[in-house]
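What follows is a set of notes on a single structure, which appears directly below.
Counting starts at 1 for both ligands and their atoms, following the listed order.
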Amino acid sequence: MAGAANAQQPAPRASQSTLSLMPVPSSVTVRDGRLVMDSTFRVAVLHHTDARLLRAITRMIPRIEYRTGLVLSHAIARDSSGATLVIDCQSAGQAVQGVDEDESYSIESNSRSLILHATTTVGVIRGLETVLQLVGGDSGRYFIPAVSITDSPRFRWRGLLVDVSRHFEPVPAIERTLDGMAAVKLNVLHWHLSDDQGIRVESRRYPRLQGMGSDSLYYAQAQIRAIVAYARDRGIRVVPEFDMPGHSTAWFVGYPQYASGPGPYGIGRHWAGYPGVFDPTRETVYRFIDGFVGEVSALFPDAYWHIGGDEVNATQWKQNPRIQQYMRVHHLVDNAALQAHFNQRVSIILTKHRKRMIGWDEVLHPDLPRNTVVQSWRGTKYLGQAAAQGFSGILSAPYYLDAMQSAEWHYLADPLAGDSTLTQEQIARVLGGEACMWAELVSNGSIDSRIWPRLAAIAERFWSPQSVTDIGDMYRRLAIEDVRLEQLGLGQESHTDRSLRRIVNGPDIAALAELLRFAEPVTLGQRVRAGPTTQMTPLVQIVDAARPDPPARWKTQQMVSEVVSSPTASLAAHDSLARWFTEWRDLAPRVHDVANRAPLAQGAIPAADALSSVGAIGLAALEARKSGVPLSKAWTDSAAVTLQAADRPQGLLHLVVVPAVRRLLTP
Ligand code: ACM
């Protein structure tokens, strides 16, 4: 299942049909005929059944009703006579879903019925999402086309990290995120539960952890159990991360005795550079970690436990004479060796509690226990290094959602790029990938808009054959998937307008909404550099209303491609592009007008002004192409300078259309 087994196969044909499946299955054949959906629709389950499987079906039937307006029977029969949707499942699958759970399924549909075969309940859960995505309509009826689908994932580990330390996410936000993950067949929630800015679990053994280190924003143990169960119902594993020895200030607010320096400690309100690190030299520290893992591991049935291990600030280690003395006695030549020493001890504790250790790529060290899984965030090369040294690996470097890259950019980042020099044995160690939603500047209000819909494109990269790389078709299906995700309760589509109504304190949002069709948030790094933000900063600015990779970026690019592709490009393409450019050119006064009444809207002014200049340049360039009268060198030089400036952050926004307009200037 893992690896590049599909690399040599031609791209599956789903992309060439009218289907909008996402992720694209490994094999799809569309035939003539359709299964009409009407009120005679009946579900039957053959062979194996269990409570989880029945709950999955019971969730699906109302989703079909919501989609079609039909009133359907909610009864689930045990024999196939008269059934429209027949689910043939062989077994429950693993008691605790593991990395090697069989997620494969197949679908056969014709004008009478649809049969979903799967080896395990998780396979059925994956297949049911495909069934829902198959529902199409014409002028009179809803139907499922006649298809043969066989499907299984390319990678076994397909995850999303959600950071709930920098900003806490309440239970409903986690649940709707899990719903969306299941819709696109992701299977790991990597829950970043502690960092300098807060520790988010309830410990009964060490109650000062959440008592002093969380601002009372934490998950009670019953809530954690419920989320783990909710995830399991959707075929999703939950891997907790408790970051150590660095990124751990919040632990020391209540338990300063385990830090390497004297403190006192407070919850981190800023984003980086906290000196508090665990003291690797003291037995009491390992007893504390053992006690914590012993208690909290009971909440997380998954076989894996993430220790973080990234970005250790070694200041306290260097300044503590006892730690320096310990390093000399134990021949620990540098801080990396001291961290490896700590990791060895923590690994023994995790093994005792039947957990396998994962760490960020800084944990790579000759002394690292070989059963550790290495998660690469600093670059793809660390995945290769880990695999070459015998470690299993997970790739995250190209999937940071706070980097505000386009869906296209993430989509083309393959965990096993074609130029990879890994051997087959090393390739087999690459378990898969994880997108990361770091939450320094993400709140419960904006998280959906930051995760979705780019995550659906990343999910396809992790699931579908390597050969599925058609960007245009990906964006076509992504737009449809976005609507399907919205039906699950995710708020990414409504987020911008709702936020803008708040910003202008009224309904008149047209000008700002127009701007945000062409502008996205700057990256986390750019925003941090632009001015101070802390955990206390309300995330209510224009930048928080914007969404990454607005669909108009790709659309503008396509329109420009059409215009530049041939001198005889259609007048229609010219005209639609000219209409957009005119709108941009004329937008600035409208945005200024709104900003005169709403101080929060002032943040839109630099981008609106820049977009106006870009629109004016675009109009002139289009006119020159149409008339055949070339633009002067002086004009194009000056336009190039303006475009270069417009492509830089405008306040906290970044225009997404500048590269497309630049292409119009090139003869
Ligand atoms: C990380 O982004 N520090 C794992």
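- Using modelled atom types, one side-chain atom of R547 and one backbone atom of D549 make a donor-acceptor pair closer than 3.5 Å.
- At a threshold of 4.0 Å, the pair R126-E101 does not count as salt-bridged, since none of the basic side-chain nitrogens sits closer than that to a carboxylate oxygen.
- Under a 3.5 Å cut-off, the side chain of E440 and the backbone N or O of W271 do not form any donor-acceptor pair.
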As a test of reading the model: which N/O atoms of the protein lie under 3.5 Å from N/O atoms of ligand 1, and at what distance?
| residue | atom | partner | partner atom | Å |
| --- | --- | --- | --- | --- |
| ligand 1 | 2 (O) | Y400 | OH | 2.5 |
| ligand 1 | 3 (N) | D310 | OD2 | 2.7 |
| ligand 1 | 3 (N) | E311 | OE1 | 3.1 |

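- The backbone N or O of A259 sits less than 3.5 Å from a side-chain atom of R282, completing a donor-acceptor pair.
- Looking only at distances, no side-chain donor or acceptor of Q375 sits under 3.5 Å from a matching main-chain atom of I358.
- The backbone N or O of I267 lies less than 3.5 Å from no partner atom in the side chain of T249, so there is not a single donor-acceptor pair.
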